[in-house]
There are 2 protein chains.
Amino acid sequence: MVVYAGQGDPEKTLALLWRVPVDEGARTAPGPKPGLTVDAIVDAAIAVADAGTMDGLSMRAVGERLGRTAMSLYTYVPSKRELVDLMYDQAHAETPAEHDLSGGWRAAAESWAHGLRALYLRHPWLLQVSHARPVLGPHEQGVLEAVLRILDAAGLEPVAVRPAVGSLFSLVRGSAQAAAEARSAAGTTGTPDREWWTLRAGLLHRLVPDFADRFPLSARLSAQAPPSAGPEPRWEREAREAFTGGLAILLDGIESRTRPPGGSGTVIL
Amino acid sequence: MVVYAGQGDPEKTLALLWRVPVDEGARTAPGPKPGLTVDAIVDAAIAVADAGTMDGLSMRAVGERLGRTAMSLYTYVPSKRELVDLMYDQAHAETPAEHDLSGGWRAAAESWAHGLRALYLRHPWLLQVSHARPVLGPHEQGVLEAVLRILDAAGLEPVAVRPAVGSLFSLVRGSAQAAAEARSAAGTTGTPDREWWTLRAGLLHRLVPDFADRFPLSARLSAQAPPSAGPEPRWEREAREAFTGGLAILLDGIESRTRPPGGSGTVIL
DNA sequence: AGAAATAGCTTATGCCATAAAGAGATGAGA
DNA sequence: TCTCATCTCTTTATGGCATAAGCTATTTCT
């Protein structure tokens, strides 16, 4: 199931995301001191999600990790939706905000993309949070700002900026999703990856004998896959190679829309 | 929540997907005649998902649409997971399998991409089914085969085929997700789109006064957005333009990896 | 007619988010 | 010092979900 982000009360969500300080009149209020913080809850929730998939993320599970009941979390977070938003943004804090442009914009773009992909692979549940809505919090915004800086340095023509950004995000997410699935398939079934694939291929061949006739190009494509070599699982390597290849294709397209370097240093946006 | 596909018993799933005829010895079995078919259930489930999001897809809801209880569906489908797989594949039957190559591979690729994107927008729940696993059923396979035919005609060099296919799928899915979100945001809040955005922008400006200082390029990017013109919502148009732009960038990159036309007619894969 | 097999029903289990209401702690003002 | 409003956290309840288990009624074969 996809968790759709940004569905809660927008004001509360934004205030939490940007950690807008609560009205300080309530500072010396009576009552017990809060035993938890939003950050502690978010960290616990991330730990729970990291340990399984998004399905395992229940308020109960998060509460248990903190030695509380599920309900106690609602004191800090209006609902699970807001919590997911907070988790999503917090995870993006892990990725570097600055990218070295001294090696050229292209190297920086590759670094950005690989860094983001690595983040998604460290926290695959991020891919289960729909990315299909505008900015949420400061850290996600930082990732966007980082890629904008790179494209700015590249001198990309203004009308191409939005499409380029969207394509880069889509590519990174799509590739990470494929790689994450490869891992989870290997992990779930216990079969170390090659067997998983041969199992499917064998089944398909038995159940659909005319597959190669109906889908000749697909059949050739899967037959053409190189044998697994080295310790890295085959699926994972294929996913990574498809990513670097796709990234190269996309960056070529972007490059053709940049002003030649050495021009005026005008900011393009 | 994301529904991860392909998690059930692989043999049963594949047999259902490819509608492998059941062992015909069981044809004249005793017992009441089946009152439903797998196809009827899949169609009903698609209708339920179309009417809401994936969250509204419960076995109960599907059963009710067919005048049955939730449990009766389990006679035909092993679990909800298999049902989701079947829905996913069935929906892909809507997209054309053949693409006219007489206008050149590039026009065909655009037609393929726009057709797939339109499918995702007709059935936004498709985007909530993780695409991160290899081929499932015949119709999804047909979509893959179609794009392979196009890239084959383009004379794309073999090593670039996988990356290109992956990038194209990622781009289409990513763009469709953005557009689907734009629609659902407009639909959910009732605000016709422009207001939704200005609400967020205003909130952000109030809660985070230093936004433009911290994220100058992001701020400029959103300020630079052209005003809404015509009946089409602004978000939707932006999403579409980002898509066509991204597609153009990607196809440029692909084109640079093709053999010049007029070469030998060798199949490349 | 009787036996066997099967579709679809009811019921039960154990999850889930979260509403509602209460218990206990704490600090401010009297 | 006492009182009470306020706050955290708990317990309990509600209504949802997938699906396991067992039942009933129907159909066909012997």
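Chain letters run A, B, ... following the sequence lines, proteins first and then strands; every chain starts at 1. Predicted model only: the values in this text are computed from it and were never measured.
- Under the rule for a side-chain hydrogen bond (donor to acceptor under 3.5 Å, both in side chains), A:Glu64 has no partner lying at least two apart in sequence or in another chain.
- Every residue meeting the side chain to side chain contact (heavy atoms under 4.5 Å, CB included) condition with B:Asp50, not counting sequence neighbours, appears here in chain and number order: B:Ile46, B:His123, B:Trp125.
- Regarding A:Met54, its CE atom lies at a distance of 14 Å from the P atom of C:dC16, rounded to whole Å.
- Axis deviation across the helix from C:dA1-D:dT30 to C:dA30-D:dT1 amounts to 20°, comparing end segments of five pairs, rounded to 10 degrees.
- Remark: B:Pro78 engages B:Lys12, B:Leu16, B:Glu82 in a side chain to side chain contact (heavy atoms under 4.5 Å, CB included) (not counting sequence neighbours).
- Across all non-hydrogen atoms, the minimal contact from B:Ser175 to A:Ser170 is N-OG, 4.2 Å.
- For the residue pair B:Ala239 and B:Arg117, the shortest heavy atom distance occurs at O-NH1, 4.1 Å.
- What separates CZ of A:Arg60 from P of C:dC15 is a distance of 6 Å, to the nearest Å.
- As rounded to whole Å, 12 Å separates atom P of C:dC9 from atom CD of B:Glu64.
- Toward the 5′ end of DNA chain D lies the nearest nucleotide of A:Leu36, the other residue of the pair A:Leu36 and B:Ala61 mapping further downstream.
- When distances run from any side-chain atom of B:Ser58 to the nucleotides D:dT19, C:dT18, D:dC17, the shortest one goes to D:dC17.
- A straight line from NZ of A:Lys80 to P of D:dG16 spans 18 Å, rounded to a whole angstrom.
- One side chain, A:Gln141 or B:Ser218, offers a donor N or O that lies under 3.5 Å from an acceptor on the other.
- Between the side chain of A:Thr95 and the backbone N or O of A:His92, no donor-acceptor pair lies under 3.5 Å.
- The side chain of A:Tyr74 contributes no N or O atom lying less than 4.0 Å from OP1 or OP2 of D:dT10.
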Just the table, please: protein N/O against nucleotides 21-26 of chain C N/O, every pair under 3.5 Å.
residue: C:dT26; atom: O2; partner: A:Gly31; partner atom: N; Å: 2.8

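- Note: CE (B:Met59) to C1' (C:dC15) measures 17 Å, nearest angstrom.
- OP1 or OP2 of C:dC9 has at least one side-chain nitrogen or oxygen of B:Thr69 nearer than 4.0 Å.
- In this structure, A:Leu83 atom CG and C:dC16 atom P are separated by 14 Å, rounded to whole Å.
- As judged by a 4.0 angstrom heavy-atom cut-off over every strand, A:Ser72 is placed among the base-contacting residues.
- For the pair B:Arg162 and A:Ser222, the tightest heavy-atom approach, listed with the atom from each and the gap, is NH2-CA, 4.1 Å.
- Residue B:Tyr76 places no side-chain N or O under 4.0 Å from the OP1 or OP2 atom of C:dA7.
- Going from atom CZ of A:Arg68 over to atom P of C:dT18 covers 20 Å, rounded to whole Å.
- A:Val62 is linked by a side chain to side chain contact (heavy atoms under 4.5 Å, CB included) to A:Ile41, A:Ala44, A:Ala45, A:Val48, A:Leu57, A:Leu66, A:Leu73, counting only residues two or more places apart in sequence or in another chain.
- Rounding to whole angstrom units, CG of residue A:Leu73 and P of D:dT11 are separated by 14 Å.
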